[in-house]
Q: 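Sharing a structure, written as structure tokens. Questions coming.
Bear in mind that the values here come from a model prediction, so they are computed numbers and not experimental data. So you know, we letter chains A, B, ... as the sequences are listed, proteins then strands, and number each from 1.
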Amino acid sequence: MEPSFLVIQSLNGLASASSLFITACGLTLVFGVTRIVNFAHGSLYMIGAYTAATLVPWLLQFYFGPVTFWAGILASALVVGLIGVVLEIVLLRRIYAAPELFQLLATFGVVLVVQDLVVQIFGPQDILGPRAPGLRAPVEILGRRFPSYELVLIAAGPIVLGLVWLLLRKTRFGVLVRAATQDREMVASLGVNQAVLFTGTLFLGAFLAGLGGALQIPRVAANTGMDLSVIAESFVVTVVGGMGSVPGAFLAALIIGQLQAFGILIFPKSTLVVVFLLMAVVLAIRPYGLFGRPEVVGGTHAVGIVSRKPRSSDMAVAVIVLALLACLPLVADAYLLKVATEILIFALFAFSLQLLIGVGGIVSFGHAAFFGLGAYGAALGIRWLSAPMEAALPLGLLLAAVGAALIGAFVVRLSGIYLAMMTLAAAQILYAVAFQWVEVTGGDNGIVGVWPAEWASGQTRYYLLTLGLTASAVLVLRRVIDAPFGYALRAARDSEPRAEAIGLNIRRHRWLAFILSGAAAGLAGGIYAFSRGSVDPSLLGIPTSVDALTMLLLGGIQTVTGPLVGAGVLHALRDQIMPLTSLWRLFLGLSIIAIVLIFPRGLVGTVGHWREARS
Amino acid sequence: MSLLAVRDLNKAFGAVVAARDVGFTLERGEMLALIGPNGAGKSTVFNMIGGQLRPDRGRILLDGHDITAASPQKRFRRGVGRTFQVAQTFLSMTVAENVQMALISCNREAQAGWVPAREHHRPEALELLAMVGMADAADRPCSALAYGDVKRVELAIALAGKPKLLLMDEPTAGMAPRERAALMDLTASIAVSRAIGVLFTEHDMDVVFGHAGRVLVLLRGEIIAAGTPDEIRRDPQVRQAYLGDEHALEKPEAGRPA
């Protein structure tokens, strides 16, 4: 390999490191002060890109020159900063004290809202911005041509780092930001005006996200997928650097930029995998990132299942519901049965997540990994082993359980937000593998022809099979939740010191919970694959994970039956509303935010609470 | 052989020496208080014995077994029970279930997955709760209890593991004076009847001098005095350490609740 090529490649790495740092720096600052992991940070980045790609060409009409270009970029970042202020005042301010799961979900609600709004405002097409005036000609480096705009980007990272450093060291605002990052309670008790501090931090964070996005316009067309891709990378940067640490983010961005630039030479298709593997290795060695500190992660506010006297009517209700469901094929048409089958599958998927979140207090944000592994396991079995359904379903379950065992072994060492990020990353790795390993997984198109066995085909028969499998799996999980194993998980969730002091091996329990939960989700995934006849990478994507979380949230995290009800309601709503409007995500996002703010107990929890209050 | 033998424990945090050559023994049925002004290193010593901290040097022997490097879980299996300065219970469970959980763990059934947990060891749990006077509250949620009652439940949880050694970090912190004496009387009677050695730290001198059989005084990480409550009260070095708070060491007047 020629040295000049290596130089160019590392310059490319530096340029992407700069962009990544500018965006991630905002995320880490906001986290440091507010302790909120702002999922919508990627959306702010996307708004920055769209705004700049629209605003800058418009400005260039009036006066063509570098000044106009850069003014447009800055103006776009300022606009995004103001949107950040609105976000803080309208939403974040109300959830600072909420459990981190609710914070993640609420800000993900914003992601959904922004996705639809961006399409409404800017249109569905990608928008490529103008090239920067004065930087159009490439420069020659060691005999190779290199875009001069990239050189500016390389400089932009350190410049932003320097400015942020000055801001943090030399201004009163900066002193407060640093103080709040170290000890939020202390700053609060010193009589600092928190509202201004938090709003200001959100402005700064959003401004940096907007700047990061705006700077991309000459290189990448603004598109509707950039929010989730950049948020995943920013999460990696902040987690590897240590949440809340600006220098950590810079160092992590540098490492990741180089890793991507050279990783592409070794694994041309799987740079994402390399990046997430780095994160896994760093977290395995330093559970709080390179420069993070343990106390940065506040105590997890455990919300979840509490003990409840078993009612004698519970069993009767379960039997009646099951009997009614079994009779459904007598009255329902094929379409309704198809919807009902899907609801059952998602009910199992959500219920499997309840074991981790509601029982164990383990906020897994990548549960799609296991659902997808189950689906792919079944589909791969059909395609490559020509296995019958009876073998392919258990194969999917097994693959999901093995995946959960591997991922679980890594993440049970972590806690709180790091665990959430790591599970998300694990799911993204699998997503990337499914997407990029075309020869085996079929890539974007996935695998088709995943049909059930003869005896189980037909809408009615498959529905009944699904009902039988789902009911059995839910029954088993239900017993486990009530049994000593479930109680031990709850014990570790309620009080780790107490659980250790009575001799419970917390990590082992959590690891086993991952395997069990993963296996159940894998079963759901396998059934889903056969119900649709195909699998594709979206089964492993962030939206699938969030679906399960939304079902939990909607039904009620503190209840055992909540996820089942939540799955039914969400899927029924989606089925009814999605065909009517192009704004389904807007609707869903606003609903998630509303639930977090108004009904944090969810449907089943709220009903139960009313009942208790009345008696 | 002593129940607990602590030898030459040392622990430093950076330049701050939190424990220097700390050594003492504790016998079965004995109530040993560890006192000292704030920052004397009580919690450090306590957490090294409890397994939350690893000493830089020194050894901790329980019944002759070296537990210096053992995890809190291993110590539990060897017979160490503990309560925390801020009571640690399982707030999502009922009072009885809290104790049942400890019994389940003690019997190594924590991975059982079919029979409901509430059906495990309930009679035994109720017995322990009766011992601490909480039997009536067995089916109430632990989160609904007054703090003094939570402390009693925590004691029952700690006793569920049939400990030989009970570690109590500020057992009466946050309790009303009357409750304090009652809890410590209860602890003392259990210690004697079950031959449990109790090591506790405490700020309330009434509790210390009223209930400890022996007292260790820690100052800047070192033990400066050890002896019966009366010896400690008379020790000039100890008075010096508590300078400005000398009355704290005077004998409680007659008539005052001990």
Side-chain angles (χ1 to χ4, degrees), chain A residues 299-311 314-315 355 358-361 473 475-513 515-517 519-520 557-560 612, chain B residues 47 50-52 71-121 139-144 153-154 157-158 160-161 163 167 169:
Chain A
T300 48
H301 327 252
V303 281
I305 291 170
V306 299
S307 293
R308 184 179 75 85
K309 262 201 201 106
R311 275 195 293 262
D314 285 358
M315 192 63 169
L355 182 68
V359 179
L475 175 73
V476 169
L477 288 178
R478 181 70 235 252
R479 296 290 305 210
V480 167
I481 289 173
D482 273 346
F485 180 70
Y487 268 65
L489 284 175
R490 272 170 55 194
R493 173 197 79 194
D494 285 358
S495 167
E496 282 196 24
R498 171 48 68 204
E500 283 182 348
I502 62 166
L504 292 176
N505 190 336
I506 296 178
R507 279 187 191 168
R508 189 179 161 76
H509 272 91
R510 290 189 172 155
W511 183 64
L512 290 172
I515 297 176
L516 191 59
S517 169
I557 281 172
Q558 278 115 323
T559 63
V560 177
E612 260 172 46
Chain B
N47 286 332
Q52 282 78 25
S71 64
Q73 287 91 338
K74 282 215 183 92
R75 285 173 211 235
F76 168 81
R77 303 262 173 235
R78 287 237 176 258
V80 179
R82 75 167 291 178
T83 66
F84 293 83
Q85 190 171 348
V86 176
Q88 294 286 334
T89 57
F90 308 129
L91 292 178
S92 76
M93 302 181 194
T94 67
V95 169
E97 285 170 351
N98 264 275
V99 182
Q100 282 169 287
M101 190 66 240
L103 291 166
I104 285 168
S105 173
C106 188
N107 288 291
R108 297 178 182 273
E109 297 162 347
Q111 279 171 29
W114 195 253
V115 177
R118 71 181 85 83
E119 290 169 22
H120 286 254
H121 311 293
D139 290 317
R140 293 181 60 195
C142 204
S143 55
V153 173
E154 203 192 17
I157 297 172
L167 303 173
D169 196 2

Q: Quick one: what part of B:R82 sits under 4.5 Å from any heavy atom of chain A, side chain, backbone, both or neither?
A: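 Both the backbone and the side chain of B:R82 come within 4.5 Å of chain A.
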
Q: Could you tell me whether the side chain of B:Q73 and the main chain of A:L504 form a donor-acceptor pair under 3.5 Å?
A: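 Pair found, side chain donor or acceptor close to backbone of A:L504.
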
Q: To the nearest 0.5 Å, what is the distance between OG (B:S71) and CG (A:N505)?
A: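 Answer rounded to 0.5 Å: 8.0 Å.
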
Q: How many angstroms lie between atom OG of A:S307 and atom CG of B:L91, to the nearest 0.5 angstrom?
A: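 That separation rounds to 11.0 Å.
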
Q: Ignoring hydrogens and geometry, is there a side-chain-to-backbone donor-acceptor pair from A:R498 to B:T89 under 3.5 Å?
A: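 No, because the side chain of A:R498 does not come within donor-acceptor range (under 3.5 Å) of the backbone of B:T89.
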
Q: Contact part of A:L516 toward chain B, heavy-atom cut-off under 4.5 Å: side chain, backbone, both or neither?
A: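 The answer is neither part of A:L516.
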
Q: Do you know which two heavy atoms are closest between A:A483 and B:G113, and how far apart they sit?
A: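 So the two residues come closest at CB-C, 3.4 Å.
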
Q: Please round to the nearest 0.5 Å and tell me the distance separating atom CG of B:D139 and atom NZ of A:K309.
A: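 Rounded to the nearest 0.5 Å, the CG-NZ separation comes out at 6.0 Å.
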
Q: Could you tell me which residues satisfy ring-ring contact (aromatic ring centres under 6.0 Å, His included) with A:F485, sequence neighbours excluded, listed by chain and number?
A: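 Residues passing ring-ring contact (aromatic ring centres under 6.0 Å, His included) with A:F485: A:H509.
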
Q: Taking the side chain as everything from C-beta on, heavy atoms only, tell me whether A:I502 gets closer than 4.5 Å to B:F90.
A: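 Side-chain contact under 4.5 Å: yes.
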
Q: Let's test your reading of the structure: which of A:G486, A:A492, A:S495, A:G503 forms the most heavy-atom pairs below 4.5 Å with chain B?
A: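 Of A:G486, A:A492, A:S495, A:G503, A:G503 has the most heavy-atom pairs under 4.5 Å with chain B.
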
Q: Using only atom types and a distance under 3.5 Å, with no angle test, would you say the side chain of A:R490 pairs donor to acceptor with the backbone of B:S92?
A: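 Yes, the answer is positive, given that a donor and an acceptor are paired below the 3.5 Å cut-off.
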
Q: Might you point out which heavy atoms bring B:A110 and A:A488 nearest each other, and give the distance in Å?
A: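 Between these two residues, the closest heavy atoms are O-CB, 4.0 Å.
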
Q: Going by the rule side-chain hydrogen bond (donor to acceptor under 3.5 Å, both in side chains), which residues pair with B:R118 if we only count those two or more places apart in sequence or in a different chain?
A: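 With sequence neighbours excluded, B:R118 shows a side-chain hydrogen bond (donor to acceptor under 3.5 Å, both in side chains) to no residue whatsoever.
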
Q: Got a second to check how far B:F76's CZ is from A:E500's CD, nearest 0.5 Å?
A: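 CD of A:E500 is found 12.5 Å from CZ of B:F76.
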
Q: Taking the side chain as every heavy atom from C-beta outward, state whether A:P484 and B:Q111 have any atom pair closer than 4.5 Å.
A: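 Not in contact.
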
Q: Check side chain to side chain contact (heavy atoms under 4.5 Å, CB included) between A:A519 and all other residues, then give those that pass, not counting sequence neighbours.
A: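 A:A519 satisfies side chain to side chain contact (heavy atoms under 4.5 Å, CB included) with A:L397, A:A401 only.
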
Q: Please look at A:R508 and chain B and tell me whether the side chain, the backbone, both or neither of the residue comes under 4.5 angstrom of a heavy atom of that chain.
A: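 Contact with chain B is through the side chain of A:R508 alone.
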
Q: Got more than 12 heavy atoms from elsewhere within 6.0 Å of CZ, A:R479?
A: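 More than 12 heavy atoms, drawn from other residues, nucleotides or ligands, come within 6.0 Å of this atom.
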
Q: Could you name the residues of residues 95-102 of chain B that have a heavy atom within less than 4.5 Å of a heavy atom in chain A?
A: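 Residues of residues 95-102 of chain B touching chain A at under 4.5 Å: B:E97, B:M101, B:A102.
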
Q: Quick one: what part of B:P141 sits under 4.5 Å from any heavy atom of chain A, side chain, backbone, both or neither?
A: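 Neither the backbone nor the side chain of B:P141 comes within 4.5 Å of chain A.
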
